[in-house]
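Everything below concerns the one structure shown next.
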Amino acid sequence: MRIHVSFLLVPFLFLLAGCGDLVSQDTDQRGEIAPILTSEEAFDDQTFAKPQEARVTHIDLDLAMDFDAKTIGGTATLDVLAADEASEIILDSNGLRVSAVTDEGGNALKFALGETVEGKGEPLTIELPAQKLERGAELAEGALAATHRIVVEYVSAPEAEALQWLSPEQTAGGKHPFIFSQGQAINNRTWIPTQDSPGIRQTWQATISAPEPLNVVMSGVIQGDPEPEDGNRRDFRFVMNNPVPSYLIAIAAGNIEFRELGSRSGVWAEPEVIEAAAQEVGDTEEMIDAGIALFGDYRWGRYDMIILPPAFPYGGMENPVMTFLTPTFIAGDRSNNGLVAHELAHSWSGNLTTYSSWRDGWLNEGVTSYFENRIVEEVYGKERAEQEYALSYAGLVDGINDVGADNPNTAMRSPDAISPFDTKGFAIYDKGTVFLRTAENIIGREKFDAWLTQWFDSHAFEPVTSEMFLADLREKLIGDNAELEKRLMLDEWVYGTGLPENAWKPDPKAFAEVDSAVAAYANEAALPNVKVWRDWTAAEQRRFLEELPQDLSTEQLAALDTTLGLSQTDNNEVLFLWLEAALRNEYAPTVPQAERFLAIVGRNKFVSPLFTALNETDWGKPIAQRIYAETRSSYHAYTRGNVDKTLQYEVSAGTELSD
């Protein structure tokens with residue numbers, strides 16, 4: 001059965017004679033307008049916008065950073081494509097302080113902020129100008145074009161969830177403040193008034209004023225050198241001509257410098273970190289080549305990265321042309337560079353083709369995790385790739401066992417009955433990876449690669465859905481082959497819970513030596529000797545620690561640390577597993593190290609489980625409360641929200657914004 005997906009096509013009757021005064025439209029920084037999907041699966045219930053009536057097509061930001069007030073403010077000039085009968089546009093806001101809205105000529109427009117919906121914000125409804133934009137003569141017949149332009153004057157709130165303002169003490173240099181944004185999922189509405197939905201793609205440009213000597217980077221291409229302005233400030237200009245979902249608009253500023261890696265890539269970091277950062281990401285050019293060889297052209301021009309301070313809540317964020325990375329992946333041996341491969345792979349899956357609804361999270365993260373593993377195989381070899389796939393598979397199995405195979409949160413496509421943000425990470429990342437590995441092995445790599453390449457090509461810079469993905473796969477690869485359809489179990493993978501029976505298992509040889517060592521420890525408490533441990537890859541060390549018994553005695557933990565030097569490791573993935581096991585088993589000698597770790601690192605992957613481990617015992621509960629009272633204000637809102645829930649933490653009046 002072929003699925004027909006409809007696109008929004010707005011009639012342009014206003015272009016006929018007698019439509020009134022027209023305003024010239026500058027299209028220099030405005031790329032092609034992406035379609036809006038209108039199928040049931042494409043609907044995004046996390047936005048107030050009604051894009052079928054009026055939608056944002058381009059954003060022009062002119063903003064200034066205020067580190068004292070912890071705000072960003074100025075103007076956002078929005079190009080709008082509206083249906084003939086539309087009289088207003090609805091934007092997303094969450095705490096924005098809007099002072100005025102005008103048309104391009106400065107004439108006031110009526111606007112209203114609606115009631116706040118918890119977790120979603122409030123709608124910002126704006127009257128559309130009477131004047132319409134003139135259709136550019138250079139536009140091809142039938143091409144979509146903006147119809148109106150509005151200017152929103154506003155400032156973000158100090159508690160804007162997308163923005164994390166760091167004191168100098170939270171940086172490596174200790175002398176200058178720092179700011180970074182995290183837009184995904186629906187946080188950018190706390191600092192940009194737009195339609196904050198993954199299915200509404202927009203081009204954008206920005207002028208950002210920041211105090212000297214800070215440098216500013218964004219997820220757009222920088223335009224020349226910064227320009228001095230009064231008050232010891234500088235203006236930085238950026239452009240993104242490719243239409244992107246609003247959550248991919250990102251900004252960071254601090255005392256950072258740049259190091260070139262190759263003709264297409266480079267890395268930003270604080271001076272104290274730049275050498276280690278450049279060494280760690282030194283394989284980036286080879287990774288880009290691998291991605292191109294696997295699944296087609298890299299369409300973004302440059303691929304730069306910034307290593308943020310350790311308060312960043314994620315491992316990485318795939319902001320176009322400027323990936324944001326945690327410093328916790330730096331191990332000195334590139335053993336955690338699957339993270340770089342993952343964020344790079346998003347340049348195809350996630351940024352080039354993006355889910356229209358948050359319910360299809362696997363279309364970004366699952367496809368990307370599969371792509372990541374293929375890049376790792378090309379750059380680092382099949383053995384490492386197979387080990388990392390085995391870790392992913394084990395994480396999926398463990399996750400499903402923990403919550404139950406019939407739990408709706410284990411479905412790749414989030415069911416309507418639950419919030420898309422409640423779907424388990426393993427169902428989005430790991431289950432998506434295993435699904436595509438399974439399909440690849442059943443269909444054959446050569447055919448599957450060709451199909452996935454054309455999928456990216458056919459839907460470049462457009463929103464997509466699970467329905468579209470499966471329909472395209474069936475049309476291009478399955479056809480009327482009923483046996484192949486049965487073997488693939490496509491619908492069970494995407495819409496079903498648990499793990500389908502055809503899941504492609506990892507090669508048992510990937511961790512044969514490690515699994516033997518795990519068995520020896522379980523049976524005889526025999527530990528691998530130091531040389532064997534040090535010769536193991538980081539993936540092998542992680543496998544060993546992940547397979548240890550849940551319950552360990554003080555004597556066993558002491559022996560593990562003494563023999564293997566776990567508390568001395570430079571690999572934060574390994575250190576985290578050690579700290580988690582130790583805290584879970586009330587190992588007091590580890591508390592000071594855990595406290596130091598939690599005071600510096602804000603990565604949710606590490607922070608939340610460590611507080612969970614403490615909170616599971618009467619011994620650990622007061623320790624968790626004491627540490628969290630001291631560290632909470634240094635964490636991003638995402639990490640705080642998770643730990644608050646775990647510890648049932650109540651914020652005292654007046655302490656929410658304390659430093």
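Note that the structure is a prediction, hence the values are computed from the model and not measured.
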Check: [X] side chain, [Y] main-chain N or O, donor-acceptor pair, under 3.5 Å:
X: Asn188; Y: Ile249; answer: yes
X: Lys431; Y: Gly498; answer: yes
X: Asn642; Y: Tyr638; answer: yes
X: Thr47; Y: Ala49; answer: yes
X: Thr125; Y: Phe111; answer: no
X: Lys120; Y: Asp45; answer: yes
X: Ser219; Y: Ala250; answer: yes
X: His459; Y: Glu462; answer: no
X: Ser356; Y: Phe43; answer: no
X: Asp360; Y: Thr465; answer: no

Of Trp300, Phe295, Phe371, which meets ring pair (Phe, Tyr, Trp, His ring centres under 6.0 Å) against Trp348?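 Exactly one candidate clears the test, Phe371.
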
Mark yes when over 12 heavy atoms from residues, nucleotides or ligands other than Asp480 sit less than 6.0 Å from its CG; otherwise mark no.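 Counting other residues, nucleotides and ligands, CG of Asp480 stays at 12 neighbours or fewer.
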
Using a cut-off of 6.0 Å, state whether more than 12 heavy atoms not belonging to Lys476 lie near its atom NZ.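 Yes - once you tally the heavy atoms of other residues, nucleotides and ligands closer than 6.0 Å, there are more than 12.
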
Against the six-membered ring of Tyr314, is Lys605 placed for a cation-pi contact (under 6.0 Å from the centre, within 45° of the normal)?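 The answer is no; the distance or angle limit is not met.
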
Would Arg201 count as a cation-pi partner of Phe461, with NZ or CZ less than 6.0 Å from the six-membered ring centre and within 45° of the ring normal?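 Here Arg201 fails the 6.0 Å and 45° test against Phe461.
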
Assess, by modelled atom type and distance only, whether the side chains of [X] and [Y] contain a donor and an acceptor separated by less than 3.5 Å.
X: His342; Y: Glu318; value: no
X: His58; Y: Thr203; value: yes
X: Ser246; Y: Thr194; value: no
X: Tyr303; Y: Thr323; value: yes
X: Ser608; Y: Asn604; value: yes
X: Thr368; Y: His346; value: yes
X: Gln454; Y: Asp472; value: yes
X: Thr75; Y: Asp62; value: no
X: Asp406; Y: Thr497; value: no
X: Glu104; Y: His148; value: no
X: Arg237; Y: Thr207; value: yes

Do the charged groups of [X] and [Y] touch, with an N to O distance under 4.0 Å?
X: Arg299; Y: Asp457; value: yes
X: Arg640; Y: Asp644; value: no
X: Asp449; Y: Arg374; value: yes
X: Asp402; Y: Lys424; value: no
X: Arg474; Y: Asp491; value: yes

Minimum heavy-atom distance between [X] and [Y], given as atom pair plus value:
X: Leu109; Y: Glu127; value: CD1-O, 3.5 Å
X: Pro500; Y: Glu492; value: CA-OE2, 3.8 Å
X: Arg55; Y: Pro35; value: NH1-C, 4.2 Å
X: Asp430; Y: Gly395; value: OD2-C, 4.5 Å
X: Ser349; Y: Val367; value: CB-CG1, 3.5 Å
X: Leu363; Y: Ser466; value: CD1-N, 3.4 Å

Decide yes or no for [X] and [Y]: does some side-chain heavy atom of the first lie under 4.5 Å from some side-chain heavy atom of the second?
X: Tyr429; Y: Glu372; value: no
X: Asn373; Y: Tyr370; value: no
X: Arg437; Y: Trp504; value: yes
X: Asn409; Y: Val403; value: no
X: Trp493; Y: Thr438; value: yes
X: Glu153; Y: Val101; value: no
X: Val321; Y: Met240; value: yes
X: Glu122; Y: Val117; value: no

So, Trp362 versus Phe435, ring centres under 6.0 angstrom or not?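 Ring-ring flag for Trp362/Phe435: true, centres closer than 6.0 Å.
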
Please find out if less than 6.0 Å separates the ring center of Phe312 from that of Phe180.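 Yes.
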
Tell me every residue that passes salt bridge (Lys or Arg N to Asp or Glu O under 4.0 Å) with Arg302, counting only those two or more places apart in sequence or in another chain.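 Counting only residues at least two positions away or on another chain, Arg302 forms a salt bridge (Lys or Arg N to Asp or Glu O under 4.0 Å) with Asp304.
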
Distance check, rounded to the nearest 0.5 Å: [X] atom [atom1] versus [Y] atom [atom2]?
X: Ile400; Y: Leu499; atom1: CD1; atom2: CG; result: 4.5 Å
X: Met305; Y: Leu339; atom1: CE; atom2: CG; result: 10.5 Å
X: Asp289; Y: Ile375; atom1: CG; atom2: CD1; result: 10.5 Å
X: Ile306; Y: Met218; atom1: CD1; atom2: CE; result: 12.0 Å
X: Leu352; Y: Phe456; atom1: CG; atom2: CZ; result: 7.5 Å
X: Asn351; Y: Asn364; atom1: CG; atom2: CG; result: 7.5 Å

side-chain hydrogen bond (donor to acceptor under 3.5 Å, both in side chains), that's the test. Do Ser265 and Thr284 meet it? Break it down for me. CA-CA 7 Å; Ser265 64; Thr284 301; 5.3 Å; no

I'd like to know whether Arg149 forms a side-chain contact (heavy atoms from CB on, under 4.5 Å) with Leu78, so could you lay out the CA-CA distance, the side-chain angles of the two residues, the decisive distance to 0.1 Å, and finally the verdict. CA-CA 6 Å; Arg149 185 168 295 151; Leu78 309 179; over 6 Å; no

Option passing side chain to side chain contact (heavy atoms under 4.5 Å, CB included) with Gln195 (candidates Ile200, Ile59, Asp44, Val80):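 Per the side chain to side chain contact (heavy atoms under 4.5 Å, CB included) rule, the option paired with Gln195 is Ile200, out of Ile200, Ile59, Asp44, Val80.
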
Ring-plane angle category for Phe448 and Trp451, please: parallel below 30°, perpendicular beyond 60°, tilted otherwise.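 Geometry flag for Trp451 against Phe448: tilted rings.
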
Between Arg97 and Ser156, is a side-chain contact (heavy atoms from CB on, under 4.5 Å) present by the stated rule, with each step listed? CA-CA 6 Å; Arg97 300 171 180 180; Ser156 66; over 6 Å; no

